[in-house]
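Each chain gets a letter, A, B and so on, in the order the sequences are listed, and its residues count up from 1.
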Amino acid sequence: MPELPEVETVARSIAPLVGRRIVAAEFRGLRVLRGGDPDAMAASLQGRRIDSIRRYGKFILVSLRGGGYLTIHLGMTGKLLLGGPSGKHTHAILTLDRGGVLLYDDSRQFGRLQYSTEFPPRIEKLGPEPLEVPFETFADALVRRKTRIKALLLNQDFLRGIGNIYADEALFRAGIHPLAMASRIRGERARCLHRAIAEVLREAIAAGGSSISDYVDAQGRKGFFQFSHRVYQRTGEPCVTCGTAIRRVLVAQRSSHFCPRCQKR
DNA sequence: ATCGGTACCTGCACGC
DNA sequence: TGCGTGCAGGTACCGA
C-alpha cells in the first residue's frame with residue numbers, strides 16, 4: 001500500500017496510542033521479523049509505555065518510555081489495524097491497556113517489525129523529508145546523480161517517502177519525462193519538480209492517501225487520492241491536459257506512467 | 001561509491 | 001472450472 005501519504009495517514013490514525021501501555025505482544029508470521037527472535041521481541045515490548053509515534057519516510061518509529069524503539073515498515077501490503085478480528089495474514093498482535101488491540105496484517109510479508117535499543121541506523125541513513133527539503137539541497141543532490149529521475153525519486157537515500165505513485169504524479173505535474181537524466185534537471189525545471197513533489201504529497205495526505213487495492217488506515221478508513229491520479233495506472237487513457245494517450249514504460253523495473261506530449265526528457 | 005537487476009511473497013485479473 | 005501469465009504501494013542484496 002504505502003508511500004509517504006499513506007504511512008502518514010496510518011501514523012496519525014494510531015496517534016491515540018501514545019501514552020498507552022503494551023500489555024502483551026504476540027508474533028505469528030516470523031518472516032516480517034526478518035530473523036528477529038519473536039520471544040525476545042515480545043519480552044522487550046511487554047509492559048512498556050508508548051512515548052511517541054513518528055514517521056520517517058515510509059517508516060513508523062514507536063519510541064518506548066525508558067528507551068528502545070519499535071520500527072514498523074508496511075512494505076507493499078502491510079496494515080496496522082486498531083481492533084478487528086485477526087486473520088490469515090495477521091503477523092503481530094499488540095494488546096494495550098484499557099482494552100486496546102493493535103494488529104499487524106501483511107499478505108505479501110514484505111513489511112517488517114523490528115525492536116532495537118538504539119535509534120535504527122537504516123532510518124539515520126535516509127534522505128531528507130520531501131516536504132521539508134530546501135530547494136538548494138534538492139537541486140544540488142539532483143545534479144550529482146547519474147541516473148534516471150524516476151529511479152532517483154524511488155531511492156530513499158535521496159528523498160525519503162516517495163514511491164511509485166507519487167513519483168509518477170510529481171513528474172507529470174512538473175512536465176518531466178521519467179527517463180530524463182537527473183543531472184540534466186536544473187534551474188526552473190528543478191524548481192518546478194521540487195514544488196510538484198511537495199504539492200502532490202500535501203494533497204494526498206489531505207485526501208488520506210491512495211486506496212489502490214485494499215489500503216486502509218488503522219480505523220479501516222479508505223483514502224480517496226486515487227481519484228486524483230493523473231497518470232498512475234491510467235495507461236491508454238487520455239492525458240487530462242492534452243488528451244494524448246498515457247503511456248507506460250519500465251524504469252528501474254517499475255511501471256512508469258507518463259504523457260508523451262506533456263513530459264519532456 | 002553508485003548503479004541496475006534480481007529475489008523475496010501472495011493475490012488478483014485476464015485469456016485460453 | 002482451472003491453469004498459466006503478468007502485474008501489484010516495498011526494500012535488500014548482489015555483481016559490475
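- The cationic group of A:Arg54 lies under 6.0 Å from the six-membered ring centre of A:Tyr56 and within 45° of the ring axis, placing it in a cation-pi geometry.
- With C:dG10, C:dA8, B:dT10 as the candidates, the nucleotide lying closest to the side chain of A:Asn164 is C:dG10.
- Geometrically, A:Arg122 does not engage A:Phe59 in a cation-pi contact, judged by NZ or CZ lying under 6.0 Å from the ring centre and within 45° of the ring axis.
- The phosphate of B:dG11 (OP1 or OP2) has a side-chain N or O of A:His89 nearer than 4.0 angstrom.
- Within 6.0 Å of the CD atom in A:Glu188, the count of heavy atoms belonging to other residues, nucleotides or ligands exceeds 12.
- For A:Leu250 and B:dG5, the CG to P distance is 10 Å, given to the nearest whole Å.
- For A:Thr147, taking side-chain heavy atoms from C-beta onward, the closest of the listed nucleotides C:dA12, B:dG11, B:dC3 is B:dC3.
- The listed nucleotides are B:dC9, C:dA8, B:dT10; the one nearest the side chain of A:Phe110 is B:dC9.
- Mapping A:Arg248 and A:Arg254 onto DNA chain C by nearest heavy atom places A:Arg248 at the nucleotide closer to the 5' end.
- Using N1 to N3 plus N6-O4 or O6-N4 for Watson-Crick, or N1-O2 and O6-N3 for G-U wobble, each under 3.5 Å, B:dC9 pairs with nothing.
- Listed nucleotides: C:dG10, C:dA8, C:dT11. Nearest to the side chain of A:Arg108: C:dA8.
- Ranking B:dT6, C:dA12, B:dG4 by closeness to the A:Arg112 side chain, first place goes to C:dA12.
- Note on A:Thr235: nothing from the nucleic acid sits closer than 4.0 angstrom, heavy atoms only.
- For A:Gln109, counting side-chain heavy atoms from C-beta on, the closest listed nucleotide (B:dT10, C:dT11, B:dG11) is B:dT10.
- Checking the phosphate oxygens (OP1, OP2) of C:dT11, no side-chain nitrogen or oxygen of A:Arg122 falls inside 4.0 Å.
- Of the listed nucleotides (B:dG11, B:dC9, B:dG4), B:dG11 has the atom at the smallest distance from the side chain of A:Lys88.
- A sub-4.0 Å separation between OP1 or OP2 of B:dC3 and a side-chain N or O of A:Arg148 is absent.
- A tilted orientation is assigned to the rings of A:Phe138 and A:His194, their planes being inclined by 30° to 60°.
- Checked against the 6.0 Å centroid criterion, the rings of A:Phe258 and A:His177 qualify as a close aromatic pair.
- Using a 4.0 Å heavy-atom cutoff across all strands shown, A:Tyr232 reaches sugar-phosphate atoms only and no base atom.
- The A:Arg31 side chain lies nearest to B:dC9 when the options are B:dC9, B:dC3, C:dT11.
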